[in-house]
> 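Okay, handing you the structure first.
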Amino acid sequence: MKFGRRPVYLLSAMLTVASQIMGAYATSKSVYNGSRFLMGIAAGPFEQLPAVTVDDQFFVHHRELGLSWYLLGATTG
(Lines give C-alpha, C1' and ligand atoms only; values in the text may rest on other atoms or scores of the structure.)
Protein backbone atom coordinates (compact mmCIF):
# COMPACT_ATOMS: atom_id res chain seq x y z
CA MET A 1 0.00 0.00 0.00
CA LYS A 2 2.96 2.31 0.56
CA PHE A 3 4.08 2.33 -3.09
CA GLY A 4 0.74 1.66 -4.77
CA ARG A 5 -0.10 -0.91 -7.40
CA ARG A 6 2.15 0.28 -10.22
CA PRO A 7 5.32 -1.53 -9.08
CA VAL A 8 3.34 -4.75 -8.71
CA TYR A 9 1.88 -4.29 -12.21
CA LEU A 10 5.31 -3.71 -13.71
CA LEU A 11 7.12 -6.52 -11.88
CA SER A 12 4.36 -8.99 -12.65
CA ALA A 13 4.29 -8.01 -16.32
CA MET A 14 8.08 -8.25 -16.65
CA LEU A 15 8.20 -11.67 -14.96
CA THR A 16 5.37 -12.92 -17.15
CA VAL A 17 7.15 -11.78 -20.32
CA ALA A 18 10.43 -13.31 -19.13
CA SER A 19 8.77 -16.64 -18.40
CA GLN A 20 7.09 -16.64 -21.82
CA ILE A 21 10.41 -16.01 -23.52
CA MET A 22 12.03 -18.73 -21.41
CA GLY A 23 9.27 -21.15 -22.42
CA ALA A 24 9.57 -20.24 -26.09
CA TYR A 25 13.28 -21.05 -26.15
CA ALA A 26 13.12 -24.07 -23.84
CA THR A 27 15.11 -27.05 -25.04
CA SER A 28 13.92 -29.53 -22.42
CA LYS A 29 10.64 -30.39 -20.81
CA SER A 30 11.85 -29.43 -17.33
CA VAL A 31 12.79 -25.89 -18.45
CA TYR A 32 9.43 -25.56 -20.18
CA ASN A 33 7.57 -26.74 -17.08
CA GLY A 34 9.62 -24.35 -14.94
CA SER A 35 8.71 -21.44 -17.20
CA ARG A 36 5.02 -22.32 -16.95
CA PHE A 37 5.32 -22.56 -13.16
CA LEU A 38 6.97 -19.13 -13.03
CA MET A 39 4.30 -17.69 -15.30
CA GLY A 40 1.57 -19.11 -13.10
CA ILE A 41 3.02 -17.29 -10.10
CA ALA A 42 3.94 -14.09 -11.94
CA ALA A 43 0.70 -13.67 -13.89
CA GLY A 44 -1.58 -13.87 -10.85
CA PRO A 45 -1.26 -10.23 -9.79
CA PHE A 46 -1.20 -9.09 -13.41
CA GLU A 47 -4.54 -10.82 -13.97
CA GLN A 48 -6.23 -9.68 -10.75
CA LEU A 49 -5.10 -6.07 -10.29
CA PRO A 50 -7.06 -4.57 -13.22
CA ALA A 51 -10.33 -5.69 -11.63
CA VAL A 52 -9.31 -4.10 -8.32
CA THR A 53 -8.27 -0.94 -10.16
CA VAL A 54 -11.68 -0.77 -11.82
CA ASP A 55 -13.24 -0.99 -8.36
CA ASP A 56 -11.15 2.00 -7.26
CA GLN A 57 -12.19 4.13 -10.23
CA PHE A 58 -15.97 3.77 -9.99
CA PHE A 59 -18.53 4.57 -7.34
CA VAL A 60 -20.08 1.57 -5.59
CA HIS A 61 -23.31 1.80 -7.57
CA HIS A 62 -21.42 1.98 -10.92
CA ARG A 63 -18.84 -0.76 -10.31
CA GLU A 64 -20.81 -3.46 -12.06
CA LEU A 65 -20.71 -1.46 -15.31
CA GLY A 66 -16.95 -0.95 -15.09
CA LEU A 67 -16.27 -4.58 -14.24
CA SER A 68 -18.60 -5.70 -17.02
CA TRP A 69 -16.68 -3.67 -19.59
CA TYR A 70 -13.35 -4.87 -18.23
CA LEU A 71 -14.40 -8.54 -18.34
CA LEU A 72 -15.90 -8.14 -21.79
CA GLY A 73 -12.63 -6.72 -23.06
CA ALA A 74 -10.54 -9.34 -21.29
CA THR A 75 -12.55 -12.29 -22.58
CA THR A 76 -13.00 -11.09 -26.15
CA GLY A 77 -9.57 -9.51 -26.52
Side-chain angles (χ1 to χ4, degrees):
M1 295 303 290
K2 183 177 180 181
F3 298 108
R5 293 190 180 108
R6 187 172 188 264
V8 179
Y9 271 120
L10 294 176
L11 181 65
S12 178
M14 287 188 296
L15 286 175
T16 301
V17 168
S19 67
Q20 289 176 348
I21 292 170
M22 186 172 82
Y25 291 106
T27 56
S28 68
K29 194 170 190 173
S30 61
V31 173
Y32 181 76
N33 287 336
S35 72
R36 297 299 125 186
F37 179 75
L38 178 63
M39 188 183 340
I41 292 172
F46 191 66
E47 292 287 329
Q48 182 56 38
L49 280 175
V52 177
T53 303
V54 168
D55 279 350
D56 291 343
Q57 293 176 349
F58 289 92
F59 293 114
V60 175
H61 60 284
H62 288 159
R63 282 186 186 161
E64 67 274 0
L65 178 65
L67 282 172
S68 297
W69 280 110
Y70 164 70
L71 289 175
L72 179 68
T75 56
T76 59

> Which other residues end up in the same hydrophobic cluster as L11, if Ile, Leu, Val, Met, Phe, Trp and Tyr are linked when side-chain heavy atoms come under 4.5 Å apart?
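Cluster partners of L11: L15.
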> My understanding is that only residues two or more places apart in sequence, or in another chain, count here; which of them pass salt bridge (charged side-chain N to carboxylate O under 4.0 Å, His left out) with R36?
none
> If you look only at pairs with a residue in residues 9-21, which of them pass as a side chain to side chain donor-acceptor pair (under 3.5 Å), with sequence neighbours excluded?
Y9-T53
> Scan residues 63-77 for pairs that pass salt bridge (charged side-chain N to carboxylate O under 4.0 Å, His left out), counting only residues two or more places apart or in two chains.
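Matches after skipping sequence neighbours: none remain.
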> Show which residues join V54 in its hydrophobic cluster (side-chain heavy-atom contacts under 4.5 Å, direct or indirect), or state none.
F58, L67, Y70, L71
> Please report the closest heavy-atom contact between P50 and P45, naming both atoms and the distance.
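What the structure gives for the nearest pair is CD-O, 4.4 Å.
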> Rest of the hydrophobic cluster containing V60 (Ile/Leu/Val/Met/Phe/Trp/Tyr, side-chain heavy atoms under 4.5 Å)?
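None, because no other hydrophobic side chain comes under 4.5 Å of this residue.
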> Can you tell me how far the NE2 atom of H62 sits from the CD atom of Q57, to the nearest 0.5 Å?
14.5 Å
